[in-house]
Amino acid sequence: MSGTLYGVGLGPGDPELVTLKAHHLITQARVIAYPKAEGAPSFARAIAEAYIAENAMEIPIEMPMRADRVPAREVYDRASAQISEVLRGGSDVVVLCEGDPFLFGSFMYLYERLSAEFQVVVVPGVSSVTACAAALGRPLSARNDTLTVLPATLSDEELEQHLLNSSSLAIMKVGRHLSRIKALLEKNNLVDHAGYVERASLAEQKVMPLTEQAEDNAPYFSMVLVYKGEEAWMLPRQSS
């Protein structure tokens, strides 16, 4: 009998935001897989480190830091083949996922390759979108507001269209696009409606109105939240 593949959401970074179900699966796991950037430690593993058994088999999935999708496909193909062998041998595999597995999560590509043959269980995690809203102290949306989640990698034209048509927006993966996002918000008179959060829930978290963020670049794990609905929510004025 084949093992079960678990895609386990870990939340935005604080190990205490790991759900009870995720904690149970990780502590009991004998085989753990996780993504990691090429040549860097795994953020997902760091979140769960205290919960991983010392004798657990680990399968790092090393991702090349390139925009080209071809190398990524090859990485997922290799990882899926390695995980398949373990599952066919009857062992479960727990895949650690930053945030939520199905919200910009790399686990979806393993799911795509393996769910037809093996039983797969997806364990949702606390999303960075909700973690950033909590850090800002400002709700995401209310009543008939529409919430749009966007990657900052979209073109100016695509981002601007969403800015015009949504009452609440979460712009993720800000990174080197920070100055461009600021400029678009200023152009559309929305910069005063925007909050900025980086490394939500971690000790080095930063929270501020976007107008107080003086840098041109931001970490990959940063987000801009924009609210232009009818609720009178105010941005916090702290800078840390």
Checking [X] now: which residues fulfil side-chain contact (heavy atoms from CB on, under 4.5 Å) with it, not counting sequence neighbours?
X	answer
Ala33	Ile59, Ile61, Ile83, Val93, Val95
Asn217	Arg176
Ser128	Pro12, Met172, Met223
Thr146	Ser166, Ser167

Problem - For Asn188, side-chain hydrogen bond (donor to acceptor under 3.5 Å, both in side chains) partners two or more places apart - result: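 Counting only residues at least two positions away or on another chain, Asn188 forms a side-chain hydrogen bond (donor to acceptor under 3.5 Å, both in side chains) with Glu160.
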Exercise for the section: Report the residues that fulfil side-chain hydrogen bond (donor to acceptor under 3.5 Å, both in side chains) with Lys21, sequence neighbours left out, ordered by chain and then residue number. Expected result: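 Checked Lys21 against side-chain hydrogen bond (donor to acceptor under 3.5 Å, both in side chains); zero matches.
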Practice task
Could you pull out all residues at least two apart from Glu215 that satisfy salt bridge (Lys or Arg N to Asp or Glu O under 4.0 Å)?
Solution key: none
Practice task
Return the set of residues passing salt bridge (Lys or Arg N to Asp or Glu O under 4.0 Å) with Glu158 (not counting sequence neighbours), or none when no residue passes.
Solution key: none
Problem - Residues in ring-ring contact (aromatic ring centres under 6.0 Å, His included) contact with Phe102, at least two apart in sequence or another chain - result: Tyr111
Problem - Selection residues 8-19 - residue pairs positive for side chain to side chain donor-acceptor pair (under 3.5 Å), sequence neighbours left out - result: none
Donor-acceptor pairs under 3.5 Å, side chain of residues 41-48 to any protein atom, not counting sequence neighbours: which ones?
from  : atom 1 : to    : atom 2 : distance (Å)
Ser42 : OG     : Pro35 : O      : 2.8
Ser42 : OG     : Ala44 : N      : 3.4
Ser42 : OG     : Arg45 : N      : 3.0
Arg45 : NE     : Glu58 : OE1    : 2.9
Arg45 : NE     : Glu58 : OE2    : 3.4
Arg45 : NH2    : Glu58 : OE2    : 2.8

Problem - Pairs flagged by salt bridge (charged side-chain N to carboxylate O under 4.0 Å, His left out) wherever residues 112-129 is involved - sequence neighbours left out - result: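 Checked against salt bridge (charged side-chain N to carboxylate O under 4.0 Å, His left out) - neighbours excluded - the pairs reaching residues 112-129 are Asp77-Arg113, Arg88-Glu117.
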